[in-house]
2 protein chains.
Amino acid sequence: MKISTKGRYGTRALLEVALSQDEGLVQLKYIAERQQISLYYLERIIAPLVREGFLVSTRGPSGGVALGRRPEDIKVREVIELLEGSIAPVECVDDPSVCPRADSCATCDLWGEVKEAMEEVLDGVTLQDLVERQKKKLRDIAAK
Amino acid sequence: MKISTKGRYGTRALLEVALSQDEGLVQLKYIAERQQISLYYLERIIAPLVREGFLVSTRGPSGGVALGRRPEDIKVREVIELLEGSIAPVECVDDPSVCPRADSCATCDLWGEVKEAMEEVLDGVTLQDLVERQKKKLRDIAAK
DNA sequence: TCAATTGTTGACCATCTTTATCAACAATAT
DNA sequence: ATATTGTTGATAAAGATGGTCAACAATTGA
């Protein structure tokens, strides 16, 4: 039941951009360093985020990426689904036709409930929420 | 975020045993046929279930497996965790020491919440619940 | 006791997914 | 112009997944 690095790195990359928003464009190199992600791999993850408008990019010297939407309007669920596909723990939850047993299978219903529980959490947290949580965590650590 | 066939097949196999409980021992071959799982692969999945006492087995002619615990006392979560390991979407949720960033990372907290939400669902459903749900589904289909 | 039957286990392997890496290219600021 | 920075297509190592097989152990019943 693991989330892959794409979803994890992607979320962290967006968070990094959101945190650095005030200073203008954020370079991939900077994100890669701060989040300890290979720059080459990060490129793979940023691409779909740009394509779908979560980020906007500018090439050339002093180029970089910035948020393409307000952080309050980006749900973590959207990011995960973009980078990993459906969150459904089994395919039959999204498409019963893949399993001949689907409509008479009690376990399929259960997996559907698991999916809904996960969705509820991930729908309830926006990038802005993550920013605030992150700032609070850093404050708490500094105060200690 | 997929659950692997081990967890899925294992759950279905236990359900099949629970449903056939009254007729005594259930053969692997029977489970494999009913659930459309390769017998060879099913052996792989049954083994840990026997080892951990979810099932008890008898070899030889007219042998088979039976539930080793009352279905009301088997939570789906236990089955999944046995067959797939922790349900945590990322490792750092269970063991913060794997990530140097863990204690100052807002996303790690979020993955923890996802885990808890899934646990809540899977802790709340026992094998007996699945049996009842399954019977109801079959009744509903028959009545239609 | 023997033979048939059924679960157990260790070894094996093809395929797919994950996690990258690199080089060539496109755009842009100075 | 040229250096810089994002984009994209090709490639691939490593690990997980899903499955198979054969030898073996236990048990039943004739």
Side-chain angles (χ1 to χ4, degrees), chain A residues 1-10 12-14 16-17 20 24-33 35-68 80 83-86 89-91 98-99, chain B residues 1-14 16-17 20 23-33 35-68 80 83-86 89-91:
Chain A
M1 288 297 284
K2 293 289 173 283
I3 232 178
S4 82
T5 51
K6 269 187 191 151
R8 302 211 306 272
Y9 291 0
R12 276 162 50 195
L14 280 180
E16 194 64 50
V17 174
S20 311
L25 293 181
V26 185
Q27 293 189 8
L28 298 195
K29 197 165 68 175
Y30 174 80
I31 300 172
E33 265 168 28
Q35 291 292 334
Q36 298 163 58
I37 301 168
S38 142
L39 175 60
Y40 291 129
Y41 192 40
L42 184 61
E43 292 168 348
R44 291 279 93 120
I45 293 160
I46 294 292
L49 292 171
V50 172
R51 204 177 308 127
E52 294 299 315
F54 290 92
L55 293 172
V56 290
S57 67
T58 309
R59 298 187 195 188
S62 73
V65 297
L67 290 184
I80 298 297
L83 295 172
E84 315 223 340
S86 168
V90 304
E91 230 187 311
V98 301
C99 177
Chain B
M1 288 298 285
K2 293 289 174 282
I3 230 176
S4 82
T5 52
K6 270 186 193 154
R8 304 211 305 272
Y9 290 0
T11 307
R12 275 160 51 193
L14 280 180
E16 193 64 49
V17 174
S20 311
E23 286 103 72
L25 293 180
V26 185
Q27 293 188 9
L28 297 194
K29 197 165 69 175
Y30 174 80
I31 300 173
E33 264 168 29
Q35 292 290 336
Q36 298 163 61
I37 302 170
S38 143
L39 175 59
Y40 292 131
Y41 192 39
L42 183 62
E43 293 168 347
R44 290 279 95 119
I45 293 160
I46 293 291
L49 291 172
V50 172
R51 204 176 310 127
E52 294 298 316
F54 290 91
L55 294 172
V56 290
S57 68
T58 309
R59 299 187 195 188
S62 75
V65 298
L67 289 183
I80 299 297
L83 296 172
E84 313 224 341
S86 168
V90 303
E91 229 186 310

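The model shown is predicted, which means the values in this text are computed figures rather than measured ones.
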Point to revise | Value in whole Å for how far the P atom of dT9(C) lies from CD1 of Ile46(B) | key: 13 Å

Review point. Would Tyr9(B) and Gln36(B) satisfy side-chain contact (heavy atoms from CB on, under 4.5 Å), going step by step from the backbone distance to the final call?
Key: CA-CA 9 Å; Tyr9(B) 290 0; Gln36(B) 298 163 61; over 6 Å; no

Point to revise | Interatomic distance where CD1 belongs to Ile31(A) and C1' belongs to dG6(D) [whole Å] | key: 11 Å

Review point. In whole angstrom, what separates Glu91(A)'s CD from dT17(D)'s P?
Key: 16 Å

Check your understanding: Could you state the NZ-P distance from Lys29(B) to dG7(C), rounded to the nearest angstrom?
Key -> 9 Å

Review point. Are any of Ser38(A)'s side-chain N or O atoms less than 4.0 Å away from OP1 or OP2 of dT21(C)?
Key: yes

Review point. Can you tell me how far the CD1 atom of Ile3(B) sits from the CE atom of Met1(A), to the nearest 0.5 Å?
Key: 5.0 Å

Check your understanding: Whole-Å distance between dG7(C) C1' and Leu39(B) CG?
Key -> 10 Å

Point to revise | Verdict with supporting geometry, Val56(B) and Val65(B), side-chain contact (heavy atoms from CB on, under 4.5 Å) | key: CA-CA 6 Å; Val56(B) 290; Val65(B) 298; over 6 Å; no

**Study point:** Main-chain N/O of Val90(B) paired to Arg8(A) side chain as donor or acceptor, under 3.5 Å
**Key:** no

Study note, to complete from the structure: Closest heavy-atom pair, Leu25(B) versus Ser62(B), reported as atoms and distance to 0.1 Å, is CD1-O, 3.7 Å

Check your understanding: With a non-hydrogen cut-off below 4.0 angstrom, is Tyr30(A) in contact with a base, only sugar-phosphate, or nothing?
Key -> nothing

Practice item. State whether Ser4(A) places a side-chain N or O below 4.0 Å from either non-bridging phosphate oxygen (OP1 or OP2) of dT19(C). Key: yes

**Study point:** Of Tyr9(A) and Thr58(B), the one whose closest DNA chain C nucleotide lies more 5'
**Key:** Thr58(B)

Revision key, fill the gap. Ranking dT19(C), dT8(D), dT5(D) by distance to the side chain of Tyr41(A), first place goes to dT19(C)

Point to revise | Candidates dT5(C), dG19(D), dT21(C) - which lies nearest the side chain of Tyr40(A) | key: dT21(C)

Exercise for review: Give one of base, sugar-phosphate or nothing for Gly60(A), where a contact means two heavy atoms less than 4.0 Å apart.
Suggested key: base

Review point. For the side chain of Arg51(B) and the base of dT8(C), is some donor closer than 3.5 Å to an acceptor across the two?
Key: no

Review point. Of the candidate nucleotides dT7(D), dT28(D), dT19(C), which contains the atom at the shortest distance from the side chain of Pro61(B)?
Key: dT28(D)

Review point. Within this structure, what is the CG-to-P distance between Leu83(A) and dT17(C), rounded to whole angstrom?
Key: 17 Å

**Study point:** Whole-Å gap separating C1' (dA20(C)) and CG (Leu42(A))
**Key:** 12 Å

Study note, to complete from the structure: Testing dT8(D), dT5(D), dA22(D) for proximity to the side chain of Glu43(B), the answer is dA22(D)

Practice item. Please report, rounded to the nearest Å, how far the C1' atom of dT8(C) is from the CG atom of Leu55(B). Key: 14 Å

Point to revise | Residue met sooner reading DNA chain D from 5', once Gly64(A) and Arg44(A) are mapped to nucleotides | key: Gly64(A)

